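Start at 1 and go down the list; that is how both ligands and their atoms are numbered. Since this is a predicted model, take the numbers as computed values, not measurements. Sequential numbering from 1 along the given sequence is applied to the chain's residues.
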Amino acid sequence: MTAHILFSAHASRWDLYEAPLKEALDAAGVDYVLATQMPPEQVDYIVYAPNSDVQDFTPFTQLKAVLNLWAGVEGVVGNRTLRVPLARMVDEEGLTQGMVEWVTGHVLRHHLGMDAHIVNPDHRWDPVAPPLSHERPVTILGMGALGRACARALRGLGFPVTGWSRSEKRVAHVRCLHGDEGLAQALRGAQIVVLLLPATPQTDSILNASSLNLLAPGAVVINPGRGPLLDDDALLQALDDGHVGHATLDVFRVEPLPQDHPFWAHPKVTVTPHIASETRPPSASRVIAENIRRGEAGLGFLHLVDRDAGY
Ligand code: NDP
């Protein structure tokens, strides 16, 4: 059987993905037709990004699965016209590795107090050594594919790491907490908190005035998860009153971050333009191809989204 695969993402992505996807599908031994246009009733799989033209899946009568190119699925998970399995991107080689590098880099920046030496206009000779990592508790909210990998990397550097998730987890040498009752425990006294939760109604503004208040004075907030995880006004207030020392933010409620948003000019905020980790075409293509191979072989799909949970 020939698998008919529609690539449905922003046009610029096709140039990046056409060759790696074909290479990965060939290597996986899939017989396929891959195109950016195809009669909907012929399509078996859609390789999808939420900025795609396809918002109504009803005409895709033979569809077997939608394979999301990104880890986050908030742009498609609630689509009621989608009635087939939805898989998201989990790619250890590319996406996960990129996130581990970005998170450890920003944690180390704050842990080591690098800014004071990189920008030192008064030429201050201030020989105060930073504490060692074992004296700096880090909390990660979200212990999925990305959160667990970051937890292991930070633990490997010596940080005492606490992770928080919806269900119970076990990660060697990481304090794992879960459920509503675990949240306050996870945040209390954390000096650095990293947000790696998905955007769902349950996680909206999970860092708000009262949860921020649980952090250690001067704590650092690092958000590569999604903008809605944070109550922006509460964060600005906590930065202004000194309870939060710095925020490094990669994702925002509105992207690109509007020019007049106070985060841009705030001296205690670092803005990065949603680059914490990108889906990398070669390795992501292998993940997509493997799922199509499995679909064609009648095996279950990997990395399925729980539509009720929203991620
Ligand atoms: P996963 O789905 O693997 O993990 C999500 C984690 O969040 C799980 O541990 C889950 O708990 C936990 N979680 C979800 N809802 C709740 C809740 N209500 N209470 C407590 N815990 C909850 O996702 P990934 O690790 O792959 O990705 C995480 C997010 O990172 C993505 O959704 C995306 O928003 C963001 N991202 C950002 C990128 C960037 O460049 N800035 C790049 C890629 C991803 P449980 O384990 O119990 O299910």
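When every heavy atom of Val90 is checked against every heavy atom of Ala145, the shortest pair comes out as CG1-CB, 3.9 Å. Heavy atoms only, all atoms of each residue included: Leu187 and Leu215 are closest at O-CD2, 3.5 Å.
Ligand 1 has no N or O atom lying under 3.5 Å from any N or O atom of Met89, backbone or side chain. The shortest N or O to N or O distance between Gly144 and ligand 1 is below 3.5 Å. By the 3.5 Å distance cut-off applied to N or O atoms, Arg88 is counted among the residues near ligand 1. Considering backbone and side-chain N/O of Asp250, one or more are found under 3.5 Å from N/O of ligand 1. Residue Ala71 places no N or O, backbone or side chain, under 3.5 Å from any N or O of ligand 1. Of the N or O atoms in Arg166, one or more lie within a sub-3.5 Å distance of an N or O in ligand 1.
Remark: among candidates Met143, His274, Arg226, the nearest residue to atom 33 (C) of ligand 1 is Arg226, based on non-hydrogen atoms. With atom 27 (O) of ligand 1 as the reference point, the heavy atom nearest to it among Asp180, Leu146, Leu183 is part of Leu146.
A donor and an acceptor atom, one from each side chain of Asn213 and Ser210, are nowhere located under 3.5 Å apart. Arg155 and His173 are not linked by any side-chain donor-acceptor pair at a separation below 3.5 angstrom, with hydrogens and angles left out of the test. Checking Asp240 against His266 by side-chain atom types alone, a donor-acceptor pair falls below 3.5 Å. A donor atom on one side chain and an acceptor atom on the other are found under 3.5 Å apart for Glu101 and Gln97. For the residue pair His246/Asp115, the side-chain donor-acceptor check at 3.5 Å is not satisfied. Looking at Glu296 and Tyr45, their side chains do bring a donor and an acceptor atom within 3.5 Å of each other. Side-chain atoms of Thr248 and His110 include a donor-acceptor pair closer than 3.5 Å. There is no side-chain donor-acceptor pair under 3.5 Å between Thr203 and Arg226.
Within the 4.0 Å heavy-atom criterion, neither part of Thr200 lies near ligand 1. At a heavy-atom distance under 4.0 Å, no atom of Glu74 approaches ligand 1.
The number of heavy atoms from other shown groups lying within 6.0 Å of CD (Glu92) does not exceed 12. In this structure, Glu23 places its CD atom where only 12 or fewer heavy-atom neighbours from other residues, nucleotides or ligands lie under 6.0 Å away. For Asp241, the CG atom counts as densely surrounded, since its 6.0 Å shell holds more than 12 non-hydrogen atoms of other residues, nucleotides or ligands.
In summary, the atoms of ligand 1 found under 4.0 Å from a heavy atom of Gly142, numbered by their order in the structure, are 6 (C), 7 (O), 9 (O). Here is the list of ligand 1 atoms found below 4.0 Å of a heavy atom in Ala276: 39 (C), 40 (O), 41 (N).
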Could you walk me through whether Val66 and Phe60 pass side-chain contact (heavy atoms from CB on, under 4.5 Å), step by step? CA-CA 11 Å; Val66 169; Phe60 296 87; over 6 Å; no
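Regarding atom 28 (C) of ligand 1, its nearest protein heavy-atom neighbour is Leu196 O, 3.5 Å. Ser277 O, 3.3 Å is the protein heavy atom nearest to atom 42 (C) of ligand 1. Summary of contacts: the protein heavy atom closest to atom 19 (N) of ligand 1 is Trp164 CH2, 3.2 Å. From the protein, the heavy atom lying nearest to atom 22 (C) of ligand 1 is Leu197 CD2, 3.4 Å. Closest to atom 5 (C) of ligand 1, if we only count protein heavy atoms, is Pro198 CD, 3.8 Å. Scanning all protein heavy atoms for the shortest distance to atom 18 (N) of ligand 1 gives Gln202 CB, 3.6 Å. At the top of the distance list for atom 10 (C) of ligand 1, counting protein heavy atoms only, stands Tyr311 OH, 3.5 Å. Here the protein heavy atom with the shortest distance to atom 37 (C) of ligand 1 is Pro224 O, 3.0 Å.
Distances from ligand 1 to the non-hydrogen atoms of Gly225 include at least one value under 4.0 Å. For the pair Val251 and ligand 1, a heavy-atom separation below 4.0 Å is found. The closest approach between Met99 and ligand 1 falls below 4.0 Å for a heavy atom of the residue. Judged by the shortest distance from any of its heavy atoms, Lys169 lies inside the 4.0 Å radius around the atoms of ligand 1.
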